[in-house]
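Worksheet: the structure to be examined is printed underneath.
Reminder, nothing fancy here: chain letters follow the sequence lines and each chain counts from 1. Every heavy atom of this structure was used, including side-chain atoms; hydrogens, water molecules and symmetry mates were not.
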Amino acid sequence: MAKPTPLSGFPELLPEQRFVEQQVIDTLRRTFELHGFAGIETRAVEPMDQLLRKGETSKEVYVLRRLQEESAEGHAGIGLHFDLTVPFARYVVENAGKLEFPFRRYQIQKAWRGERPQEGRYREFTQADIDVVMKDELPFHFDVEVARVMAEGLSGLPLPPLRLRVNNRKLIEGFYRGIGAADPQTVITIIDKLDKLPEEQVAALLVSDAGLSEQQAAQCLQLATITTSDTTFVERVRALGVQHELLDTGLQELAAVIDGCSAVRSDRFEVEASLSLARGLDYYTGTVFEIYMVGYEFLKSVGGGGRYDALASDGRSTYPGVGISFGISRTLVPLMSRGLLAADRKVPSTVLVALVDEESRPESDAIASALRSRGISCEVAVSAQKFGKQIRYAERRGIPFVWFTNADGGHEVKDIRSGEQVAADPATWTPPNEDLRPQVLTVSTSSTTEEI
RNA sequence: GUGGGUAUAGCUCAGCUGGUAGAGCGCCGCCUUGUGGUGGCGGAUGUCGCGGGUUCGAGUCCCGUUACUCACCCCA
């Protein structure tokens, strides 16, 4: 077979990279479960009408068709999901009778989109979602909870610092209504373009498309400039002198989220109220989130979410929800391809048991078994090459220890990093804790290497 | 979908106005006789993306094609 070329948009990781991804997934899972979130996995496919509702036609859905289908158009009408929210909403309705509400769930799975790939944007990618869904009415404190849980999970990851930006749809909609905007939804859509278009252009759009006066447009932009890492945004909004009931509610809610996140705030995880944040999607009704990776703003948001008053509906009941998703592939793949993130070994093995000759393989296997029985990953040398070659084999893979057996049956273990070799007993020898598993190495922008 | 760029050894890349395919790193062997890394010496690398054309002769020029890649759009 000729050497296959990589498929654009379908990233594959090397073992030392996959280890990091797996570790990230494990960390998130542990945090989510610590907070009582139950894991689910939904099927990879959904009916096309589910995928295409809410005008999501821009998502470039991959359609599934059997090879033996009679005609190209005769497919079953199913496609791969492009996010985890749509399948989750369907799952909730389908299993409403069996689920307990409020239902906290996490879901770490792949999703697919046919859009043109670019750094940080792939056709097959993994994301981690948490959501809380309720029947009829979802208490507001869950908005605070999902932010806190995701923040806690992400803070434990070997990533550059992250920034959670929070805003509230009620706040901005109330503000826009308060200044007399007739079509707040259009204003929101235009304001969302602030990070792409210069202010003047956004102002012009507000006048031409949203029917605002120049005075009103200026007020909207003034609101959008407000960014604070505490609740002082409330005073600054008040100072603009706009009055509306919805604005009051929004201010109160956003302040509650910002306050509620104070415990998870650190130098590796920033939380800010950002009143320019709108998110283009129209189904958000209150809190909205976006996550950015500091120093990697060109990737755009690496996570996002918010509250939906109608996440799902079965005609009789509506199911409001609030959640956040985080792009695992989106953050990890760019870091890895730049060589900034990988494990320090290509294999899990902590020890390579050397082989004296083929006849003594059972002895080497026995040593390996003794080590494994105590949780130490190890492998036996492939063949009885010269010890120098066996050591080199370990070195290439990053295996830190090589185990030797003397002619008289004594045992010695060598730390090939230091060269130190000491007598050891397979029944009791234990490596330093940090050598038991591969370590994640990150290279920060100041190009210092640190272990996390 | 629109517009650029690229395709040569395992990797990163050179290869001029057409004339027998190159470097660095890595890999293998020996120096080193069963304990690696540093050093010295030696060695192997290849459908020059694919197809066609021009030419005595094409990695090089022309046409086509495929893949990759960057930007726009959009999002995790």
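Base pairing annotation: B:C61 forms a Watson-Crick or G-U wobble pair with B:G53, both donor-acceptor distances under 3.5 Å. Across all strands shown, B:U6 pairs with B:A67; the Watson-Crick or G-U wobble distances both stay below 3.5 Å. With a cut-off of 3.5 Å on both pairing distances, B:U20 has no Watson-Crick or G-U wobble partner at all. Base pairing of B:G1 is made with B:C72, judged by Watson-Crick or G-U wobble geometry with both donor-acceptor distances under 3.5 Å.
The heavy-atom pair separating A:Pro431 from A:Ile376 by the smallest distance is CD-CD1, 3.6 Å.
Here A:Lys110 does not reach the OP1 or OP2 of B:A76: none of its side-chain N or O atoms lies under 4.0 Å away. Residue A:Gln118 places at least one side-chain N or O under 4.0 Å from the OP1 or OP2 atom of B:A71. Neither OP1 nor OP2 of B:G36 sits under 4.0 Å from any side-chain N or O of A:Arg396. Distances shorter than 4.0 Å separate none of the side-chain N or O atoms of A:Lys389 from OP1 or OP2 on B:C28. Within the 4.0 Å cut-off from OP1 or OP2 of B:A76, not a single side-chain nitrogen or oxygen of A:Thr331 is found.
Look at A:Glu119 and A:Arg338 and you find a salt bridge, because one of the NZ, NE, NH1 or NH2 atoms lies within 4.0 Å of a carboxylate O, short of that distance. The residues A:Glu46 and A:Arg90 are annotated as salt-bridged, a charged nitrogen and a carboxylate oxygen being separated by less than 4.0 angstrom. The pair A:Glu33-A:Arg29 meets the salt-bridge criterion, since a charged nitrogen lies less than 4.0 angstrom from a carboxylate oxygen.
Residue-level contact check: A:Arg392 touches the backbone only, with heavy atoms under 4.0 Å from sugar-phosphate atoms and none from bases. Contacts of A:Tyr393 with the nucleic acid, taken as non-hydrogen atoms under 4.0 Å apart, are absent. Note on A:Val356: a base of the nucleic acid sits closer than 4.0 angstrom, heavy atoms only. The residue A:Lys300 sits close to a base: some heavy atom pair falls under 4.0 Å. Looking at heavy-atom distances under 4.0 Å, A:Thr126 makes no contact with the nucleic acid at all. A:Arg417 comes within 4.0 angstrom of a base, heavy atoms only. Looking at heavy-atom distances under 4.0 Å, A:Leu355 makes contact with a base. Nucleic acid contact for A:Leu7: sugar-phosphate only, since backbone atoms but no base atoms lie under 4.0 Å from a heavy atom of the residue.
The same atom, C1', is picked in B:C61 and in B:G15; the two are 16 Å apart, to the nearest Å. For the C1' atoms, the distance linking B:U45 with B:A21 amounts to 12 Å, nearest Å. B:G59 and B:A7: their P atoms are spaced 15 Å apart (whole Å). Taking the P atoms as reference points, B:C27 lies 14 Å from B:C11, given to the whole Å.
Centroid-to-centroid, the aromatic rings of A:Tyr308 and A:Tyr284 come within less than 6.0 Å.
Nearest-nucleotide positions on RNA chain B place A:Asp415 closer to the 5' end than the other of A:Gly304 and A:Asp415. Take the nearest nucleotide of RNA chain B for A:Pro117 and for A:Ser325: the residue whose nucleotide is more 5' is A:Pro117.
Following rounding to the nearest Å, A:Phe82 (CZ) and B:A76 (P) show an atom-to-atom distance of 10 Å. Distance CD (A:Glu119) to C1' (B:C74): 17 Å, rounded to an integer number of Å. For A:Glu60 and B:U2, the CD to C1' distance is 14 Å, given to the nearest whole Å. The interatomic distance linking A:Arg123 (CZ) with B:C73 (C1') rounds to 14 Å, in whole Å.
Screening A:Arg169, A:Arg148, A:Arg307 for a salt bridge (Lys or Arg N to Asp or Glu O under 4.0 Å) involving A:Asp143 leaves a single residue, A:Arg307.
Put simply, the side chain of A:Gln390 and the base of B:U35 share no donor and acceptor less than 3.5 Å apart.
Stacking between A:Phe326 and B:A76 is absent: the aromatic ring centre is not both under 5.5 angstrom from the base six-membered ring centre and within 30 degrees in plane angle.
Going from atom CD1 of A:Ile399 over to atom CD1 of A:Ile391 covers 12.0 Å, rounded to the nearest 0.5 Å.
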